[in-house]
Amino acid sequence: MTQSSKRDFLAIPDFSAEELYETLDLAARLKSGEYAERPLAGKTLAMIFTKSSTRTRVSFEVGTFQLGGHALFLSSRDIQLGRGEPIRDTARVLSRYVDGIMIRTFDHTDVEELARFGSIPVINGLTDLLHPCQIMADLQTIRENLGRDLRGVKVAWIGDGNNMANSWLNAAYRFGFELRLAYPRGYEPDAEILERARAEAKIIVTDDPREAVEGAEVINTDVWASMGQEEEAAERARAFEGYCVDDALMERASDRAIFLHCLPAHRGEEVTDAVIEGPRSRVFDEAENRLHIQKAILVRLMGQQDGDPG
Ligand code: CP
Ligand code: NVA
């Protein structure tokens with residue numbers, strides 16, 4: 001199946017700021033029940049996973065179903081992609097059967113190739129470089145707690161300069177909010193993404209988590225060893241000593257600060273049990289919002305009638 005002018009969502013800047021706000025507004029309407037249409041009736045989303053997942057898999061599958069469509073879980077262990085069939089062939093074959101692809105994998109360029117060769121929308125469900133759907137859910141959670149206009153918010157990122165940090169930079173680039181990043185030397189985010197964000201937003205980089213959280217309204221962290229980095233876990237635990245988000249760090253944040261974590265979390269490493277279970281934590285609202293924001297993304301990319309402008 002093909003669409004005339006397909007759009008992808010591989011990175012937050014793939015949408016304009018206006019489109020991102022519209023998507024966030026639709027996610028709020030989906031969450032409240034105000035929007036209950038089924039624009040994916042008769043449509044299928046293929047979901048390719050070469051890494052583990054709880055939230056991404058379940059929220060995309062349930063979300064597609066709730067919009068009237070069908071989701072197909074394709075583990076790389078089972079499909080020919082895992083045995084070396086080229087991405088570009090997989091893209092062209094799947095484009096003949098389904099109406100959209102969501103993919104979670106390692107190399108971001110594989111997702112770009114999938115999108116280039118596929119004639120249907122492709123959604124990035126996490127790569128080593130980016131995790132845009134997660135940051136959209138985080139932005140929805142911020143709007144629920146701190147107000148609808150994202151420009152004035154101060155966000156602190158404590159930890160690895162990983163896929164989450166890179167997508168926060170992309171969000172700052174599009175929305176223009178202040179982002180403070182605290183990471184140790186050797187664990188920097190992507191240099192190009194950082195420089196691009198600097199042109200549009202106030203980006204503060206430090207190796208001191210206390211400086212990053214001072215007066216911040218969103219305190220955000222993630223595991224120190226991402227999927228695929230398991231063998232570096234001990235070395236990383238040493239490098240990130242002093243980067244645990246604990247009550248003392250949270251005390252320095254704004255009085256209205258919320259704590260976010262994409263999950264899964266390692267309690268006692270990047271965050272204490274007291275913080276993640278504490279009154280400022282919004283991690284389960286954040287996880288729930290994956291469902292609503294991804295439904296909004298699916299509506300935008302796959303919910304058009306054939307011939308509608310994308
Ligand atoms: N946050 C997130 O993407 O979770 P999963 O790895 O469970 O999908
Ligand atoms: N940075 C983490 C996020 C998991 C949702 C990883 O890539 O494993």
Side-chain angles (χ1 to χ4, degrees), residues 6-15 20 23-24 27 30 40 43-67 69-79 81-82 87 90-91 94-95 98-118 120-141 162-168 170-171 222-223 226-229 260-264 286-303:
K6 69 122 172 178
R7 295 280 303 276
D8 304 305
F9 188 63
L10 309 191
I12 286 177
D14 288 354
F15 287 1
L20 291 167
T23 308
L24 286 160
L30 281 153
L40 264 54
K43 298 193 175 177
T44 301
L45 176 74
M47 308 191 301
I48 303 174
F49 283 89
T50 73
K51 287 176 174 172
S52 303
S53 171
T54 298
R55 280 144 288 267
T56 305
R57 177 185 173 175
V58 177
S59 56
F60 265 107
E61 187 161 341
V62 170
T64 303
F65 172 73
Q66 290 177 352
L67 291 169
H70 175 69
L72 209 54
F73 174 70
L74 302 173
S75 159
S76 62
R77 277 193 295 275
D78 305 322
I79 60 172
L81 187 67
I87 301 266
T90 305
L94 289 180
S95 296
V98 302
D99 304 277
I101 303 174
M102 190 281 296
I103 179 165
R104 163 168 290 195
T105 194
F106 293 86
D107 193 340
H108 191 74
T109 60
D110 284 347
V111 178
E112 289 174 337
E113 185 170 337
L114 189 72
R116 200 163 56 248
F117 281 87
I120 53 175
V122 174
I123 300 172
N124 178 1
L126 180 147
T127 62
D128 290 346
L129 187 70
L130 298 173
H131 197 3
C133 293
Q134 179 67 55
I135 300 302
M136 289 298 284
D138 296 8
L139 295 171
Q140 185 178 354
T141 313
N162 62 11
N163 43 14
M164 285 288 296
N166 289 331
S167 284
W168 271 115
N170 275 341
D222 186 13
V223 291
S226 285
M227 288 181 276
Q229 299 172 333
L260 298 180
H261 189 308
C262 62
L263 305 178
E286 182 187 4
E288 177 186 336
N289 287 339
R290 293 292 301 280
L291 173 67
H292 308 301
I293 196 70
Q294 288 161 193
K295 283 171 74 177
I297 293 167
L298 290 169
V299 171
R300 177 169 279 280
L301 296 183
M302 289 171 60

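Sequential numbering from 1 along the given sequence is applied to the chain's residues.
- Residues Asp8 and Ile123 form no side-chain contact, since every pair of their non-hydrogen atoms from C-beta on lies 4.5 Å or further apart.
- Rounded to the nearest 0.5 angstrom, Asp110 CG and Ile103 CD1 are separated by 7.0 Å.
- Of the charged side-chain nitrogens involved, none lies within less than 4.0 Å of a carboxylate oxygen, so that Glu112 and Arg116 do not count as a salt-bridged pair.
- We find the CD1-CE distance between Ile293 and Met136 to be 4.0 Å, quoted to the nearest 0.5 Å.
- Inter-residue side-chain proximity for Met47 and Leu72 is flagged as unmet; no heavy-atom pair is nearer than 4.5 Å.
- Checked against Thr56 for a side chain to side chain donor-acceptor pair (under 3.5 Å), the options His131, Gln294, Arg104, Gln134 give a single hit: Arg104.
- The cationic atom of Arg77 (NZ for Lys, CZ for Arg) does not lie both less than 6.0 Å from the six-membered ring centre of Phe49 and within 45° of the ring axis.
- With contacts defined as side-chain heavy-atom distances shorter than 4.5 Å, the pair Met164/Asp138 qualifies.
- Taking every heavy atom of both residues into account, Lys43 and Gly303 meet most closely at NZ-C, 4.4 Å.
- Put simply, the side chain of Leu301 reaches to within 4.5 Å of the side chain of Phe9, judged on heavy atoms.
- A distance of 9.5 Å separates CZ of Arg55 from CD of Glu286, quoted to the nearest 0.5 Å.
- Side-chain contact between Asn163 and Thr127: absent, with no pair of heavy atoms (C-beta onward) separated by less than 4.5 Å.
- By the side-chain contact (heavy atoms from CB on, under 4.5 Å) test, Val223 is found to be paired with Ser226, His266, Glu270, residues two or more places apart in sequence or in another chain being considered.
- In this structure, Lys6 does not pair ionically with Asp99, as no charged nitrogen and carboxylate oxygen lie closer than 4.0 Å.
- Between Ser75 and Asp78, the closest side-chain pair of non-hydrogen atoms falls below 4.5 Å.
- Using modelled atom types, one finds a donor on one side chain and an acceptor on the other under 3.5 Å when comparing Thr50 with Thr105.
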